[in-house]
Amino acid sequence: MSKPLLYIDVDGPLNPFDAKPHRRPAGYETHRLTPKAWLERHEGTPAHRVKPLRVILNPSHGPKLLNLADRFDLMWATTWEHDANEMIGPRIGLPELPVVEWVRPYGFGPMGAFWKTAQLIEHADGRPFAWLDDDIHKTDREYVDYKHFAPALLHQVHPAVGLRDDDFMALADWVANLGQAAA
Ligand SMILES: [Mg+2]
């Protein structure tokens with residue numbers, strides 16, 4: 001049986017962008033980065049005039065995610081797309097990971113769901129998956145229940161807090177239970 005997928009968002013779980021700028025949470029380092037998605041938000045401004053995005057990253061997150069790689073297939077599911085491999089992974093100790101490429105424009109999802117949700121269901125194509133994101137809400141859970149006929153863990157991470165040990169434990173517990181259910 002193939003492993004479940006683990007979809008990883010950048011802004012929110014790895015970069016808790018809502019944390020107070022003057023109070024960087026413990027363990028994080030500040031970076032100034034200019035991903036393509038950031039330039040697109042400043043359409044019309046020449047690239048050299050766009051102020052880089054302030055990104056805070058915790059280098060312990062890479063090893064903690066990699067710890068799960070024997071039980072999950074890790075995958076980027078972020079507007080950073082391939083820039084996540086370029087700019088985020090190396091800064092937290094993650095190897096290159098496969099990338100979900102979004103269908104643009106992002107627009108709105110069906111049934112009031114977040115725009116990523118339907119695309120991830122389509123990408124998962126019936127495989128069990130866990131998903132780390134700050135933009136997960138009730139409508140996303142309802143849409144996944146309605147459309148996806150395999151186990152799924154939609155794990156919301158607060159964008160002021162980022163990933164904590166509890167979150168890694170929740171993923172480990174979920175995948176352990178999944179194995180028991182299948183046995
Ligand atoms: Mg996000």
Side-chain angles (χ1 to χ4, degrees), residues 5-21 23-25 27-43 50-62 64-65 68 72-92 94 97-124 129-144 148 152-168 170-171 174:
L5 294 149
L6 174 56
Y7 293 124
I8 307 163
D9 179 31
V10 169
D11 294 317
L14 293 175
N15 169 34
F17 57 87
D18 255 358
K20 297 263 181 299
R23 268 213 253 141
R24 190 175 62 183
Y28 282 80
E29 295 168 357
T30 301
H31 306 274
R32 311 252 171 214
L33 306 172
T34 313
K36 251 191 261 73
W38 183 242
L39 290 176
E40 281 168 13
R41 279 177 55 175
H42 294 83
E43 221 188 319
V50 174
K51 199 171 149 210
L53 178 67
R54 177 181 179 270
V55 176
I56 57 172
L57 297 172
N58 185 331
S60 79
H61 283 162
K64 286 174 185 172
L65 286 169
L68 294 166
F72 286 96
D73 284 334
L74 272 47
M75 204 131 194
W76 291 119
T78 162
T79 52
W80 289 67
E81 292 189 313
H82 294 276
D83 283 339
N85 278 326
E86 212 47 45
M87 300 181 186
I88 303 295
R91 290 181 164 89
I92 58 171
L94 279 179
L97 301 177
V99 175
V100 178
E101 293 177 341
W102 307 112
V103 177
R104 287 156 203 265
Y106 305 135
F108 294 96
M111 286 172 63
F114 182 35
W115 60 263
K116 282 185 187 176
T117 311
Q119 296 193 45
L120 288 181
I121 291 171
E122 197 170 316
H123 183 275
F129 70 86
W131 175 22
L132 294 173
D133 207 298
D134 56 312
D135 272 316
I136 292 168
H137 299 97
K138 188 165 161 266
T139 44
D140 301 293
R141 298 181 199 286
E142 287 167 355
Y143 191 65
V144 168
H148 182 71
L153 173 70
L154 274 59
H155 191 82
Q156 204 259 353
V157 178
H158 198 286
V161 176
L163 281 170
R164 293 190 298 193
D165 285 346
D166 289 5
D167 302 305
F168 293 101
L171 291 168
W174 179 79

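In each ligand, atom 1 is the first atom listed, and ligand 1 is the first ligand listed. All heavy atoms count here, side chains included; hydrogens, waters and symmetry mates do not.
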Would a distance-only check, ignoring hydrogens and angles, find a side-chain to backbone donor-acceptor pair under 3.5 Å from Asn15 to Ile56? yes
Nearer than 2.8 Å to the Mg ion (ligand 1), the protein contributes N, O or S atoms numbering 3
Can you tell me how the ring of His123 sits relative to the ring of Tyr7, calling it parallel under 30°, perpendicular over 60° and tilted otherwise? perpendicular
Lys116/Asp135 ion pair, N-O < 4.0 Å: no
Can Asp9 and Trp131 be counted as having a side-chain donor-acceptor contact under 3.5 angstrom? no
Pairing donors with acceptors under 3.5 angstrom, does anything connect the side chains of Gln156 and His137? no
Looking at every heavy atom in both Ala130 and Phe72, which two are closest together, and how far apart are they? CB-CE2, 3.7 Å
